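None of the values given here were measured: they were computed from a predicted structure. Note that ligands are numbered from 1 as they come in the structure, with each ligand's atoms numbered from 1 the same way.
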Amino acid sequence: MLNKKLKLILVSTPIGHLGSGKGGGVELTIVSLIKGLILLGHKIILIAPKGSKLPFESELLEIRLIDGVDQPSWQHQKKTDPVLIPSNSVLPKLWEDVIDIENESDAVINFAYDWLPLWLTKTQPKKIFHLISMGAESLIMKEIISEISQLYPFQLAFHTKKQSNDYTLKTDPIVVGNGFDMENYLFNENKNGPLGWAGRIAPEKGLEDAVKVANDLGEKLLVWGLIEDKEYASKIENSYTKEIIEWRGFLPTNKFQEQLGRCRALINTPKWNEAYGNVIVEAMACGVPVIAYDIGGPGELIEDGFNGFLVKPNDIEGLIKATKLISKIKRKNCRDWFEKNASHKVFAERVENWVNKGLYKKSLRTFKLN
Ligand code: UDP
């Protein structure tokens with residue numbers, strides 16, 4: 001029974017179309033998971049905002065594009081804010097499409113960090129699985145995720161254990177990590193490159209701390225990522241008289257990895273419970289060791305002294321010390337860690353396992369018509 005090929009509906013993030021960068025790490029998660037699930041022989045229907053593109057085609061893949069207004073992201077709202085659904089929002093439209101076609105599928109997997117799909121789990125005949133992509137940034141999201149865990153504990157999964165600690169769960173969390181298409185990242189042996197930083201340019205990502213490290217070491221910092229908060233970006237830039245940041249923009253993966261691979265280290269400085277930290281693993285895939293704050297996901301991706309260094313959150317002196325020691329890390333260790341733990345193949349196997357188990361478990365609450 002466990003080897004049955006499934007027909008799965010995957011529902012993308014409503015924060016932006018795939019390829020826009022607005023969805024952050026979730027965009028890459030969806031793309032590499034689809035590739036991995038197809039390799040395992042499963043049929044995929046992807047429902048995603050209009051404009052979404054995948055870098056490959058397959059006869060096992062159907063894409064349904066839905067037009068509508070982007071959802072605001074939870075990380076830029078106050079903890080106690082209510083659920084917002086803008087006029088002509090794409091979120092309910094994505095889910096109307098799911099409801100129209102769910103009978104053709106074995107299960108639905110949701111990637112949106114949003115209240116509506118979680119709530120729909122209680123009303124739909126088809127099992128909806130949720131890969132939770134953030135820590136508890138909002139009270140109402142924390143409540144609904146905790147409620148779904150009480151009713152359908154096997155339908156929730158997390159990227160890391162530390163991320164899941166934000167929620168009150170009925171059972172031990174199901175942790176599936178994340179995955180990246182191995183072929184997209186080339187190993188680079190060069191140990192003598194510049195320092196890099198990558199991520200959405202927004203306060204929860206803490207770019208200012210990495211800039212301070214580069215400034216104190218008298219170096220430039222190469223920065224990749226979507227500028228989500230322009231005011232925040234200029235404030236960092238204007239706090240130095242000389243140019244420290246070399247803005248590289250938001251690049252497609254092939255260019256991003258090529259430039260990132262030339263760095264001697266990636267500095268990762270989250271100020272929130274980072275759910276995973278895609279850029280950490282992408283750097284390691286290219287052989288680049290990572291120096292990161294030990295807050296959330298990085299603590300489960302970096303083995304201190306093996307593929308990088310972990311530093312206490314907000315400890316800039318600690319970052320500087322680690323940067324001076326970075327040549328002690330073998331670049332090959334980083335690639336090895338990536339291949340073993342975070343290829344699209346191992347990720348898809350973990351997700352397949354999760355869904356298979358969830359499909360054959362009895363829910364603690366069953367769907368009733370009327
Ligand atoms: N990214 C990219 N091009 C760039 C810089 C970043 O495609 O030039 C992507 C990167 O591949 C990663 C995402 O942006 O998947 C950032 O994800 P992460 O998990 O690091 O943080 P999030 O934005 O989800 O909080």
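Summary of contacts: the protein heavy atom closest to atom 10 (C) of ligand 1 is E282 OE2, 3.1 Å. Summary of contacts: the protein heavy atom closest to atom 14 (O) of ligand 1 is F250 CE1, 4.0 Å. Ranking the protein heavy atoms by distance from atom 19 (O) of ligand 1 puts N278 N, 3.0 Å first.
Nearest approach of L266 to L260, heavy atoms of both residues: CD1-CD1, 3.7 Å. When every heavy atom of A210 is checked against every heavy atom of T269, the shortest pair comes out as N-CG2, 4.1 Å.
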(message) Under the criterion ring-ring contact (aromatic ring centres under 6.0 Å, His included), I'd like the reasoning laid out for F129 against Y152: C-alpha separation, chi angles, the key distance, then a yes or no.
(response) CA-CA 9 Å; F129 293 77; Y152 316 99; over 10 Å; no

(request) Check the pair W119, I148 against side-chain contact (heavy atoms from CB on, under 4.5 Å), reporting the backbone distance first and the verdict last. (result) CA-CA 8 Å; W119 183 82; I148 294 302; over 6 Å; no

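Here is the list of ligand 1 atoms found below 4.0 Å of a heavy atom in G249: 8 (O). If you number the atoms of ligand 1 from 1 as listed, the ones under 4.0 Å from a heavy atom of G225 come out as 5 (C), 8 (O). For ligand 1 and L28, the ligand atoms under 4.0 Å from any heavy atom of the residue are 11 (O), 15 (O). Near W224, meaning under 4.0 Å from one of its heavy atoms, ligand 1 places the atoms 5 (C), 8 (O).
Using a 4.0 Å cutoff on heavy atoms, G21 does not count as a contact of ligand 1. Residue-ligand proximity: W272 is placed with a non-hydrogen atom under 4.0 Å from ligand 1.
Salt bridge status for R248 with E246: present, with a side-chain N to carboxylate O gap under 4.0 Å.
Comparing S133, G25, G297 by heavy-atom distance to atom 16 (C) of ligand 1, the nearest is G25. Around atom 21 (O) of ligand 1, the closest heavy atom drawn from R200, K22, K205 belongs to K205.
Checked against E274 for a side-chain hydrogen bond (donor to acceptor under 3.5 Å, both in side chains), the options K205, H159, Q163 give a single hit: K205.
For a threshold of 3.5 Å applied to N or O pairs, the pair formed by A198 and ligand 1 contains no separation below that value. Residue-to-ligand polar distances keep T253 apart from ligand 1: every N/O pair is separated by 3.5 Å or more. Taking distance alone, with nitrogen or oxygen atoms compared against 3.5 Å, L251 approaches ligand 1 more closely than that limit.
A distance-only check finds no donor-acceptor pair linking the side chain of S343 to the backbone of M182 [under 3.5 Å].
No path of Ile, Leu, Val, Met, Phe, Trp and Tyr side chains, each step under 4.5 Å between heavy atoms, connects Y293 with V279, placing them in separate hydrophobic clusters.
Taking the centre and axis of the six-membered ring of F154, the NZ or CZ atom of K357 falls outside the cone set by 45° and 6.0 Å.
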